[in-house]
2 protein chains.
Amino acid sequence: MISKTTLQVFREGLTKFVTFSDAEWVELTPYLRASSIKKKDHFVVHGKVCKHIGFVIKGSLRFYHVKDGTEITGYFCFENEFVSSYKSYLKQELSLTGIQAMEDTELILIAYEDMQQLLAHPKLAFKMEQFGRLIAEYYICCYEDRMAAFIVQSPEERYLSMIENQAGILLRIPQHYVANFLGITPVSLSRIRKRTLRGVVNN
Amino acid sequence: MISKTTLQVFREGLTKFVTFSDAEWVELTPYLRASSIKKKDHFVVHGKVCKHIGFVIKGSLRFYHVKDGTEITGYFCFENEFVSSYKSYLKQELSLTGIQAMEDTELILIAYEDMQQLLAHPKLAFKMEQFGRLIAEYYICCYEDRMAAFIVQSPEERYLSMIENQAGILLRIPQHYVANFLGITPVSLSRIRKRTLRGVVNN
DNA sequence: ACATACCTTTGATATAGATCAAAACCAAAA
DNA sequence: TTTTGGTTTTGATCTATATCAAAGGTATGT
């Protein structure tokens with residue numbers, strides 16, 4: 001059973017995309033599952049198919065790739081965001097991305113099969129299509145910005161604009177993950193921080 | 001008026017995402033416009049709002065950003081692909097990306113306002129939502145791969161896998177655009193080509 | 001409180017890619 | 001055919017980041 005407040009948080013988080021009427025909500029909730037994963041446990045195991053899309057109620061996760069046996073963290077997600085290895089989820093193929101909890105994390109899940117049912121549901125299909133479209137469009141915008149940062153900016157510039165725009169992440173996440181996220185090694189990030197005086201902010 | 005074969009190419013190209021019945025097609029076509037743009041003309045002007053989503057019937061375009069007065073090409077698109085400065089189009093805000101034809105190009109256009117009408121159209125709304133979702137999901141998968149390449153691979157590795165997977169692009173567009181696309185300068189790409197023996201392929 | 005594992009910093013050095021400038025090349029236009 | 005503008009290559013040099021290794025921190029669990 002999913003706690004009432006958890007459901008409420010989820011419903012609230014969805015309003016950024018679509019709003020469900022009470023009647024629709026009653027239809028939807030049977031397809032939802034709650035899940036909690038402990039720090040360091042995996043939401044998606046690298047090399048397996050991603051079966052769920054999740055919504056983060058509490059906690060945080062990192063997305064990583066494996067290259068020559070070492071993990072490279074490419075992305076993060078936090079409360080009120082959706083999490084999935086999208087390509088793997090959408091195509092139900094093996095995931096090149098692993099997704100691991102960085103803290104104890106609570107999620108609402110929708111299984112792939114359930115989503116297919118919802119997309120064919122007599123009362124919910126339209127809204128679910130819309131929901132899917134809006135989420136996907138939202139992430140396209142994120143990706144557009146992130147790709148542009150890699151094409152146009154240097155690692156140092158990316159770090160500095162991260163201080164400007166996503167300072168919260170820096171406070172919450174181990175620096176070596178941030179380094180990967182910026183496309184550099186942890187050692188280099190340490191040096192960038194030194195020469196930019198930690199971004200002027202806190203010495 | 002849009003030529004019959006052009007419309008046919010468009011309809012065919014859509015089947016990758018959704019299929020329109022004849023009845024639906026009749027409803028849809030009034031919202032479509034044909035457009036041709038000459039080589040070097042712009043589909044989207046950097047700093048203006050992107051008003052259309054396009055489908056490339058013939059030709060090719062490049063996406064670029066401007067940094068300190070110079071253009072950096074971040075992406076391309078070709079026949080049978082959709083083209084738009086998506087973030088600008090979706091949010092109807094100023095575009096940081098310019099989109100310019102690399103060859104004489106023919107497009108089918110859907111204007112933003114028309115798309116809003118289609119998404120509210122009594123007979124087409126559902127299919128258009130689905131269409132929008134599937135396209136957006138498609139591009140998310142593309143972005144996922146492209147971001148991973150930047151996080152995990154070196155420029156040289158990106159070039160080599162481009163030879164493997166997108167050799168067509170290399171034959172069709174100027175090398176200095178490809179260099180930007182790979183995240184490096186044209187000079188560096190020239191040297192990478194030299195040291196990798198042009199990718200072993202054609203000396 | 002201690003031990004262990006992990007993270008971050010620092011130093012020394014290597015290297016891929018950047019920059020600047022010139023030459024060679026190519027293709028379209030006159 | 002020559003000119004012109006743009007592209008690619010090459011050479012010389014610079015620099016940011018990578019790499020390797022060690023030392024110093026910090027947190028976590030026992």
Side-chain angles (χ1 to χ4, degrees), chain A residues 38-41 60 62 64-65 67-73 76 100-104 149-163 169-199 201-203, chain B residues 38-41 60 62 64-65 67-73 76 100-104 149-163 169-199 201-203:
Chain A
K38 289 240 170 300
K39 183 173 177 171
K40 304 228 167 163
D41 279 355
S60 58
R62 72 188 182 96
Y64 67 91
H65 287 251
K67 173 160 204 191
D68 328 309
T70 59
E71 297 178 359
I72 306 181
T73 298
F76 310 107
Q100 184 191 42
M102 294 188 293
E103 310 168 281
D104 289 356
F150 273 79
I151 289 290
V152 170
Q153 298 180 301
S154 68
E156 178 171 333
E157 289 170 323
R158 286 198 290 280
Y159 173 65
L160 293 174
S161 56
M162 200 170 167
I163 290 178
I169 297 188
L170 294 171
L171 299 173
R172 194 163 166 186
I173 284 187
Q175 196 171 303
H176 65 291
Y177 291 154
V178 174
N180 289 172
F181 176 78
L182 293 170
I184 58 179
T185 63
V187 176
S188 291
L189 178 55
S190 173
R191 290 191 222 278
I192 287 175
R193 279 165 52 79
K194 187 178 188 181
R195 72 171 180 254
T196 59
L197 305 174
R198 269 72 189 167
V201 148
N202 56 332
N203 179 35
Chain B
K38 290 238 169 302
K39 182 172 177 171
K40 305 230 166 161
D41 279 355
S60 58
R62 71 188 181 96
Y64 67 90
H65 287 251
K67 172 159 202 190
D68 329 308
T70 59
E71 296 177 359
I72 306 182
T73 298
F76 311 107
Q100 184 192 43
M102 294 188 292
E103 311 169 279
D104 290 356
F150 273 79
I151 289 291
V152 170
Q153 298 180 300
S154 68
E156 177 171 335
E157 289 170 322
R158 287 198 290 279
Y159 173 65
L160 292 174
S161 55
M162 200 171 169
I163 290 178
I169 297 188
L170 294 172
L171 299 172
R172 192 161 168 187
I173 67 183
Q175 194 171 306
H176 66 290
Y177 291 154
V178 174
N180 290 170
F181 176 76
L182 293 170
I184 57 179
T185 62
V187 176
S188 291
L189 178 54
S190 173
R191 290 191 221 278
I192 286 174
R193 278 165 53 80
K194 188 178 188 183
R195 73 172 180 251
T196 59
L197 305 173
R198 269 71 190 171
V201 148
N202 56 334
N203 179 30

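Throughout, protein chains are lettered first and strands after them, A, B, ... in sequence-line order, and every chain is numbered starting at 1. All values below were derived from every heavy atom in this structure, side-chain atoms included, with hydrogens, water molecules and symmetry-related copies excluded.
- A:D104 contributes no side-chain N or O that, together with a main-chain N or O of A:K38, makes up a donor-acceptor pair within less than 3.5 Å.
- The distance from atom CD1 of A:I72 to atom C1' of D:dT19 is 14 Å, rounded to the nearest whole Å.
- Within the 4.0 Å cut-off from OP1 or OP2 of C:dG17, not a single side-chain nitrogen or oxygen of B:T185 is found.
- Backbone-only contact: B:P155 has heavy atoms under 4.0 Å from sugar-phosphate atoms and none from a base.
- The separation between A:D68 atom CG and D:dA18 atom P is 15 Å, rounded to whole Å.
- Counting atom types as modelled, A:R191 pairs a side-chain N or O with a base atom of D:dT19 as donor and acceptor under 3.5 Å.
- Note: CG (B:L160) to P (C:dA16) measures 13 Å, nearest angstrom.
- Proximity of B:S188 to the phosphate of C:dG17: no side-chain N or O atom is located under 4.0 Å from OP1 or OP2.
- Between A:H176 and A:N180, every side-chain heavy-atom pair lies at or beyond the 4.5 Å cut-off.
- Between the CZ atom of A:R193 and the P atom of D:dA16 there is a distance of 19 Å, rounded to whole Å.
- Whole-Å rounding puts the B:L171 CG to D:dT7 C1' distance at 17 Å.
- In this structure, A:Q100 contributes its side chain and A:R62 its backbone to no donor-acceptor pair below 3.5 Å.
- Annotation: the span from B:E103 atom CD to B:I173 atom CD1 amounts to 9.5 Å, rounded to 0.5 Å.
- A:H176 has its NE2 atom 10 Å from the C1' atom of C:dT8, to the nearest Å.
- Following rounding to the nearest Å, B:Y177 (OH) and D:dT8 (P) show an atom-to-atom distance of 9 Å.
- A close approach under 4.0 Å does not occur between any side-chain nitrogen or oxygen of A:K194 and OP1 or OP2 of C:dT9.
- Atom C1' of nucleotide C:dT8 and atom CG of A:N180 are separated by 14 Å, given to the nearest angstrom.
- For B:R158, no side-chain nitrogen or oxygen approaches OP1 or OP2 of C:dG17 to under 4.0 Å.
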